[in-house]
Amino acid sequence: MKVCVGMGVAQLLIWAVWVNVSSHPSRSKLWLFVVGRSLAMLLAVYNFPPYWGFVDAHALWNVANIPLTYLCWGFVREDAEFMTITLLKKVK
């Protein structure tokens with residue numbers, strides 16, 4: 001668990017540093033992803049027993065990952081468009 005948390009924190013720090021120094025047009029989307037992923041990671045670390053017999057930290061972690069996946073892939077799509085436009089400008 002310690003290794004997984006360490007790798008997760010390292011990945012989030014790398015993304016946060018890149019977002020800070022980048023001038024990417026989708027920076028806000030990536031910041032939202034980094035903050036959301038950090039909060040979701042807290043659910044994995046601070047596990048708590050189920051409330052009402054079915055809502056525990058792991059269930060909430062799974063629910064939190066649904067919008068984070070859309071955010072991440074939205075950034076990937078916008079990054080691909082941005083990089084394509086940038087490369088096409090260099091060719092001209």
Side-chain angles (χ1 to χ4, degrees):
M1 184 70 168
K2 290 178 184 178
V3 172
C4 289
V5 169
M7 294 300 290
V9 168
Q11 178 187 12
L12 290 173
L13 287 175
I14 290 169
W15 276 112
V17 168
W18 184 81
V19 170
N20 265 343
V21 300
S22 173
S23 61
H24 199 281
S26 297
R27 286 172 38 154
S28 60
K29 187 176 280 192
L30 196 54
W31 262 122
L32 189 59
F33 174 76
V34 168
V35 170
R37 181 62 74 185
S38 301
L39 295 174
M41 192 177 356
L42 288 176
L43 289 171
V45 173
Y46 298 113
N47 197 5
F48 53 84
Y51 291 115
W52 307 293
F54 63 93
V55 179
D56 64 348
H58 189 77
L60 292 177
W61 178 79
N62 285 325
V63 169
N65 281 316
I66 294 169
L68 291 174
T69 303
Y70 283 106
L71 271 174
C72 183
W73 281 106
F75 171 76
V76 169
R77 182 182 48 81
E78 291 172 9
D79 183 51
E81 292 172 359
F82 175 69
M83 293 303 292
T84 302
I85 291 169
T86 303
L87 290 173
L88 287 176
K89 286 180 182 176
K90 287 181 181 180
V91 171
K92 290 181 181 180

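This is a predicted model, so every value here is computed, not measured.
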- Task: Could you give me the CA-CA distance, side-chain angles and deciding distance for Thr69 and Phe33, then say whether side-chain contact (heavy atoms from CB on, under 4.5 Å) is met?
- Result: CA-CA 9 Å; Thr69 303; Phe33 174 76; over 6 Å; no
- May I ask you to check whether Arg37 and Asn65 show a side-chain donor-acceptor distance below 3.5 Å? yes
- Item | Trp61 versus Ala40, closest heavy-atom pair with distance | CD1-O, 3.0 Å
- Query: Measuring from Trp18:CH2 to Arg27:CZ, what's the distance to the nearest 0.5 Å?
  - Reply: 9.5 Å
- Message: If hydrophobic clusters are built by linking Ile, Leu, Val, Met, Phe, Trp and Tyr wherever their side-chain heavy atoms come under 4.5 Å apart, do Leu68 and Val9 end up in the same one?
- Response: yes
- Query: Can you hop from Ile14 to Trp31 via hydrophobic side chains spaced under 4.5 Å?
  - Reply: no
- Note on the structure: Output for pair (Ser38 OG, Leu43 CG), nearest 0.5 Å, gives 11.5 Å
- Query: Do you know the tightest heavy-atom contact between Leu71 and Lys29?
  - Reply: CD2-CG, 3.4 Å
- Message: Please enumerate all residues that pass ring pair (Phe, Tyr, Trp, His ring centres under 6.0 Å) together with Phe75, with sequence neighbours excluded.
- Response: His24
- Message: Tell me whether Phe82 at atom CZ has more than 12 heavy atoms from other residues, nucleotides or ligands lying less than 6.0 Å away.
- Response: yes
- Kindly work out whether a path of hydrophobic side-chain contacts (I/L/V/M/F/W/Y, heavy atoms less than 4.5 Å apart) joins Val55 to Leu39. no
- Parallel, tilted or perpendicular: rings of Trp52 and Phe54 (30°, 60°): tilted
- Does Leu42 share a hydrophobic cluster with Val5, counting links as ILVMFWY side-chain heavy atoms below 4.5 Å and allowing steps through other members? yes
- Scanning both residues in full, the closest heavy-atom pair of Phe48 with Leu60 reads CZ-CD1, 3.7 Å
- Item | Least distance between heavy atoms, Pro67 atom then Val63 atom | CD-O, 3.3 Å
- Item | Atom pair CG/OH of Asp56 and Tyr51 - distance to nearest 0.5 Å | 10.5 Å
- Note on the structure: Rounded to the nearest 0.5 angstrom, the CZ-SG distance for Arg77 and Cys72 is 12.5 Å
- Message: Side-chain heavy atoms nearer than 4.5 Å, only ILVMFWY residues, links allowed to pass through others: does that put Ile66 and Trp73 together?
- Response: no
